[in-house]
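The basis for the numbers below is simple: all heavy atoms, side chains too, and nothing from hydrogens, waters or symmetry mates. The sequence lines fix the lettering, A, B, ..., with proteins before strands; numbering per chain opens at 1.
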Amino acid sequence: MLLPPAGVERLLPSDQIKPSDQLKIASWNVNSIKVRAEQVIAWLKSSETDILFMQETKSVDENFPAALFEAAGYHIHCHGQKTYNGVAVATRVELDDVRTGLPMLADSMDDEQARYIEVDCSGMTMAGLYMPNGNPVLDEAGEHHPKFTYKLDWMKRLNHHAIALQKGKKPVLFCGDFNIIPNAADCWDEDVWKGDALYHPETLAAFRTMCWSGYTDVFRAIHPGVIAYSFWDYQGGAWQKDNGIRIDHIMTNPEATDRVRAVGIDKTPRGQERASDHTPVWCVLAQS
DNA sequence: ATGACTGATGGTATCAGA
């Protein structure tokens, strides 16, 4: 085992050292880019992230603080709307194409919400998404509430698109705030989440459809049995009690999974002053 | 305990988030 040189106190852990032929990709629900820009940029620098997908920017594109990112060496592509939702990508590597909006199906519900951005880079396709929350599940008549129907419809569109992208035989990666708790081990108390849209059987079934079509939850694949969360509610001292849930994910098709060299969730930003309620999830991919 | 956060909004309360 190599030891750090004398006098060097802060080396990255060995699994975070990134050779030049690798890309570090991350996803972070920032909960307002206006409030979080400085913290996000500081994290981009300290984490050596090449491409960051952001969600809940809550900003129209003309108000996105892109100049702050440019000054730090990151170019911004954003797809926002007023008040709610909003996705963006910050990159310090060249992108070949950027597309926004998740494709519709013939029977899809109308969708004006800014929740999807997709890029081509280094022969790969990578997407950042903000899945609808889906609550409440039921309306007053006991039927599916329109918000839950919208979530299921959105997942159906995502699954169709995920399968369509597989036909390219290229590496494909989806990351973002999925608003899905994949398993009981991904929350502090399963009983609290039973019946919630994030852990509803129909939500989990749609998530498994994505898994069965070839996409891997790379955090869980590389860290089996590890308890790690990506969201802690602002209320009730959830952070202090570690009452968290793992709902931010990186999903890779087989070609991309083969290139995964490391995966992690960085809890540090969640513990900082005026933090987002989510913390970043990241992975390192070999470029060939 | 009708509580308990945080952010955005032509707002001084209401929504949405999860």
Side-chain angles (χ1 to χ4, degrees), chain A residues 27-40 53-65 78-88 109 111-116 128-140 144-152 154-155 158 175-204 206-207 227-249 265 267 269-281:
Chain A
S27 171
W28 191 0
N29 179 323
V30 299
N31 187 14
S32 169
I33 193 59
K34 180 183 175 189
V35 171
R36 223 70 64 194
E38 298 288 357
Q39 190 185 4
V40 171
F53 290 91
M54 292 170 271
Q55 302 89 36
E56 277 207 272
T57 55
K58 296 184 177 178
S59 171
V60 292
D61 293 348
E62 50 267 39
N63 291 343
F64 197 104
C78 50
H79 175 48
Q81 66 180 90
K82 191 178 173 184
T83 311
Y84 305 120
N85 311 313
V87 289
M109 299 169 68
D111 186 8
E112 301 298 321
Q113 300 185 22
R115 296 181 176 275
Y116 188 84
L129 62 91
Y130 177 42
M131 186 89 75
N133 174 296
N135 282 306
V137 171
L138 300 177
D139 63 14
E140 292 177 358
H144 278 182
H145 189 280
K147 292 202 171 187
F148 190 55
T149 305
Y150 174 59
K151 179 175 196 162
L152 295 177
W154 210 91
M155 294 187 77
L158 178 63
C175 66
D177 178 356
F178 278 68
N179 272 317
I180 295 170
I181 301 168
N183 290 287
D186 297 314
C187 65
W188 85 94
D189 184 351
E190 184 183 19
D191 289 338
V192 172
W193 294 96
K194 280 181 177 166
D196 192 280
L198 278 64
Y199 194 59
H200 192 277
E202 292 189 61
T203 303
L204 300 188
F207 183 70
I227 302 299
Y229 306 132
S230 66
F231 169 90
W232 295 259
D233 201 289
Y234 288 126
Q235 301 188 62
W239 168 249
Q240 289 76 13
K241 299 176 191 168
D242 199 27
N243 287 349
I245 52 181
R246 192 175 70 91
I247 56 174
D248 299 85
H249 307 301
I265 298 175
K267 285 176 67 172
R270 182 62 181 86
Q272 293 171 340
E273 288 293 318
R274 213 180 182 193
S276 168
D277 40 9
H278 295 251
T279 212
V281 52

Undergrad: Return the 5'-most residue of the pair A:Ile247, A:Gly237 with respect to DNA chain B, ranking by each residue's nearest nucleotide.
TA: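 Looking at the nearest nucleotide for each, A:Gly237 comes out on the 5' side.
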Undergrad: Just to confirm, is there a sub-4.0 Å distance from OP1 or OP2 of B:dC15 to any side-chain nitrogen or oxygen of A:Thr83?
TA: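 No.
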Undergrad: Checking contacts here: which listed nucleotide (B:dG17, B:dA18, B:dA16) is nearest the side-chain heavy atoms of A:Gln235?
TA: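 Comparing B:dG17, B:dA18, B:dA16 against the side chain of A:Gln235, the answer is B:dG17.
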Undergrad: In sequence, state the C-alpha distance, the side-chain angles, and the governing distance for A:Gln272 and A:Gln39, and then conclude on side chain to side chain donor-acceptor pair (under 3.5 Å).
TA: CA-CA 9 Å; A:Gln272 293 171 340; A:Gln39 190 185 4; 2.6 Å; yes
Undergrad: Below 4.0 angstrom from OP1 or OP2 of B:dA18, is there any side-chain N or O of A:Asn133?
TA: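 A:Asn133 to B:dA18 OP1/OP2: side-chain N or O found under 4.0 Å.
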Undergrad: For B:dG11, does the O4'-C1'-N9-C4 or O4'-C1'-N1-C2 angle fall within 90° of 0, making it syn, or is it anti?
TA: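 For B:dG11, whose glycosidic angle is more than 90° from 0, the conformation is anti.
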Undergrad: Within the pair A:His278 and B:dA18, is there a side-chain N or O less than 4.0 Å away from OP1 or OP2?
TA: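 It does, given that an N or O in the side chain of A:His278 lies less than 4.0 Å from OP1 or OP2 of B:dA18.
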Undergrad: With respect to the phosphate group of B:dA18, does any side-chain polar atom (N or O) of A:Tyr130 fall under 4.0 Å of OP1 or OP2?
TA: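 For B:dA18, OP1 or OP2 has a side-chain N or O of A:Tyr130 closer than 4.0 Å.
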Undergrad: Whether A:Arg246 engages the ring of A:Tyr229 as a cation-pi pair (distance to the six-membered ring centre under 6.0 angstrom, angle to the ring normal within 45°) should be assessed.
TA: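 Because its charged atom misses either the 6.0 Å distance or the 45° angle limit, A:Arg246 does not stack over A:Tyr229.
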Undergrad: Ignoring backbone atoms, test whether A:Asn179 places a side-chain nitrogen or oxygen under 4.0 Å from the OP1 or OP2 oxygen of B:dA18.
TA: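 Result: yes.
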Undergrad: Determine the Euclidean distance between corresponding C1' atoms of B:dA8 and B:dG3; express it in Å to zero decimal places.
TA: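 Going atom to atom, C1' in each nucleotide, I get 23 Å.
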Undergrad: Quick one: is B:dG7 close enough that its OP1 or OP2 comes under 4.0 Å of any side-chain N or O from A:Arg274?
TA: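 It does, given that an N or O in the side chain of A:Arg274 lies less than 4.0 Å from OP1 or OP2 of B:dG7.
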Undergrad: Which is true for A:Asp177 with a 4.0 Å heavy-atom rule: it touches a base, it touches only sugar-phosphate, or it touches nothing?
TA: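 Touches sugar-phosphate only.
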Undergrad: Checking A:Ala184 now: which residues fulfil side-chain contact (heavy atoms from CB on, under 4.5 Å) with it, not counting sequence neighbours?
TA: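 Per chain and number, A:Ala184 pairs via side-chain contact (heavy atoms from CB on, under 4.5 Å) with A:Glu190, A:Tyr199.
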Undergrad: With respect to the side chain of A:Lys82, which nucleotide from B:dG10, B:dA18, B:dG7 is positioned closest?
TA: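 Minimum distance to the A:Lys82 side chain belongs to B:dG10.
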Undergrad: Which of the following nucleotides, B:dA8, B:dA18, B:dG17, is nearest to the side chain of A:Lys58?
TA: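 Output: B:dA8.
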Undergrad: So, is A:Asn29 close to the B:dA18 phosphate, meaning a side-chain N or O under 4.0 Å from OP1 or OP2?
TA: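 Yes.
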Undergrad: Taking for each residue the nucleotide of DNA chain B bearing the nearest heavy atom, is the 5' side occupied by A:Leu198 or by A:Ser32?
TA: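 Checking each residue's closest nucleotide, the 5'-ward one belongs to A:Ser32.
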Undergrad: For B:dG17, does OP1 or OP2 lie under 4.0 Å from any side-chain N or O of A:Lys147?
TA: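 Looking at the OP1 and OP2 atoms of B:dG17, one of them is under 4.0 Å from a side-chain N or O of A:Lys147.
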